[in-house]
Number of protein chains: 2
Amino acid sequence: MMKTREKILEASIELFTASGYEGTSLGAIADKVGIKKPSLYAHFKNKEAIFLEAVEIGEAGYHDLLKRMINEQKGTAAHILRSLLEEAVAAFEEEHLLSQFYYRFLFFPPSGLEEKISSITTQGTRRLDALLADIIERGQEEGELTTELTVEQILRSYLCMLGGTDFDIRYYQHSSVDRKAYLEMIWSVFWRGVKA
Amino acid sequence: MMKTREKILEASIELFTASGYEGTSLGAIADKVGIKKPSLYAHFKNKEAIFLEAVEIGEAGYHDLLKRMINEQKGTAAHILRSLLEEAVAAFEEEHLLSQFYYRFLFFPPSGLEEKISSITTQGTRRLDALLADIIERGQEEGELTTELTVEQILRSYLCMLGGTDFDIRYYQHSSVDRKAYLEMIWSVFWRGVKA
DNA sequence: GTCTATACGGCGATAGAC
DNA sequence: GTCTATCGCCGTATAGAC
């Protein structure tokens, strides 16, 4: 059985993701949890405290998901980068709650909470960059990736491709573009750009 | 002298961009315009009507900006694509109101208005794709761009790079990454991938 | 077209009983 | 820890004078 406090946070993440900070009322959160509005105050000081703790949990979950994905990949650097792209995009589509929550409040934080949010999110990013940089470096050493480019060039391009793909998939979500074909197109150009 | 109606829309775009739909009150809009709250109802039926007309104006402005940029570029396809990337990113940074407004409500529309918004925004996208496809096709005919890739492959990769760059620049906005150096890194990998 | 006055509901938040 | 009751405020929206 889940504790009320956790249920509040879970419900909050869903509602904040769907309707934003100002668009989500404490009444809606209480309804979703199955308690009355004032009971929320037994667990949190106020709405802002609920939100900020939800952001912490969302941030940790998002970065853990990516970290686990990176560490699960086996094989050549090329294969790792290729399947990571595929899995990350698939995860963002299926388990899209986390990434939606994460990006919503990273890019469009509620007025007044900008700094508190960015201080939570900036921590996790660098660790992931370091993991990927290792993979790229190994790919260069083993002769799969060109050494005419620096590790940072390849890393930034890869991250740009990841971000752009996520971006485009949201953008074209109501269009006819097939995800598998789309990824193949994007990857083939990237791979021509970085292969040895 | 600007008409009140236009001033309302201009103020609305700024406030909606900064604080979202639910986070922007009619009182705040009226204050910014310099009138009293009930006077808004002489020009618009309700808040939703103000917002939807703001979205129409924002969409048109955003796509016009991009279209004008594309048409202004001269020279080889490579040069056009390169400087378009640079200009688009610069415009998104300086004149970032339009792109922020556009993406905020494309990706995170207020509850209940999802379909109305997407029906406004989907129109303009295809025209821009067609303009870029022409440039890419010409680049292939003139031997600058590889013919081992299809026009669509190159187009999607280019758009992914644009989207990813915009994404990353917001993402790393508080970090130390220099924009010029960043664009050079991204472009060099893309160019290796698509050159003949 | 703009104003003052006001209606009405929902909001975040608190008091206090159980 | 949860509830009922309630507070004060601010939200959208309307009525009606000028």
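What you see is a predicted model, and the numbers here were worked out from it, not measured in a lab. Note on naming: letters A, B, ... go to the chains in the order of the sequence lines (proteins, then strands), and numbering restarts at 1 for each one.
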Pairs involving residues 130-142 of chain B, ordered by first then second residue, that meet side-chain hydrogen bond (donor to acceptor under 3.5 Å, both in side chains) (sequence neighbours left out): none
Looking only at atom types and distance, does a side-chain atom of B/Glu114 sit under 3.5 Å from a main-chain N or O of B/Gly112, one as donor and one as acceptor? yes
Do side-chain atoms of B/Lys47 reach the backbone of B/Thr24 as a donor and acceptor pair under 3.5 angstrom? yes
Under the ring-ring contact (aromatic ring centres under 6.0 Å, His included) definition, can you give me all pairs with a residue in residues 5-31 of chain B, not counting sequence neighbours? B/Phe16-B/Tyr21, B/Phe16-B/Phe51, B/Tyr21-B/Phe51
Of the candidates C/dG12, D/dG1, C/dG1, the side chain of A/Ser25 sits closest to C/dG12
State which residues pass side-chain hydrogen bond (donor to acceptor under 3.5 Å, both in side chains) with A/Arg5; sequence neighbours excluded, sorted by chain then number. A/Glu53
With A/Tyr158, which residues qualify under ring-ring contact (aromatic ring centres under 6.0 Å, His included), at least two apart? A/Phe190
Assess, by modelled atom type and distance only, whether the side chains of A/Gln73 and A/Ser83 contain a donor and an acceptor separated by less than 3.5 Å. yes
B/Phe101: which residues meet the ring-ring contact (aromatic ring centres under 6.0 Å, His included) condition with it, sequence neighbours left out? B/Phe105
Residue-level proximity of residues 4-15 of chain A to DNA chain C when a heavy atom falls under 4.0 Å: none
Can you give me the bend angle of the helix from C/dG1-D/dC18 to C/dC18-D/dG1? Use the axis through the first five pairs and the one through the last five, nearest 10 degrees. 0°
Kindly state which residues belonging to residues 108-117 of chain B come within less than 4.0 angstrom of DNA chain D, counting heavy atoms of the residue only, listed by number. none
Could you grab the distance from atom OH of A/Tyr171 to atom OH of B/Tyr103, nearest 0.5 Å is fine? 5.5 Å
What class does the angle between the rings of A/Tyr102 and A/His63 fall in, given that below 30° is parallel, 30 to 60° is tilted and above 60° is perpendicular? perpendicular
What residues from residues 31-42 of chain A pass a heavy-atom cutoff of under 4.0 Å to DNA chain C? A/Lys37, A/Pro38, A/Tyr41
How would you list, by chain and number, every residue that makes a salt bridge (Lys or Arg N to Asp or Glu O under 4.0 Å) with B/Glu86, sequence neighbours excluded? B/Arg82
Residues at least two apart in sequence or cross-chain that pass side-chain hydrogen bond (donor to acceptor under 3.5 Å, both in side chains) with B/Lys116, listed by chain then number, are B/Glu48
Interatomic distance where CG belongs to A/Leu26 and P belongs to C/dG12 [whole Å]: 4 Å
Donor-acceptor pairs under 3.5 Å, side chain of residues 27-43 of chain A to any protein atom, not counting sequence neighbours: which ones?
unit_1  : atom_1 : unit_2  : atom_2 : d
A/Lys32 : NZ     : A/Glu14 : OE1    : 3.0
A/Ser39 : OG     : A/Lys36 : O      : 3.4

What is the distance, rounded to the nearest whole Å, between atom NZ of B/Lys47 and atom P of D/dA13? 8 Å
When the distance from CZ of B/Phe44 to P of D/dT12 is rounded to whole Å, what number comes out? 15 Å
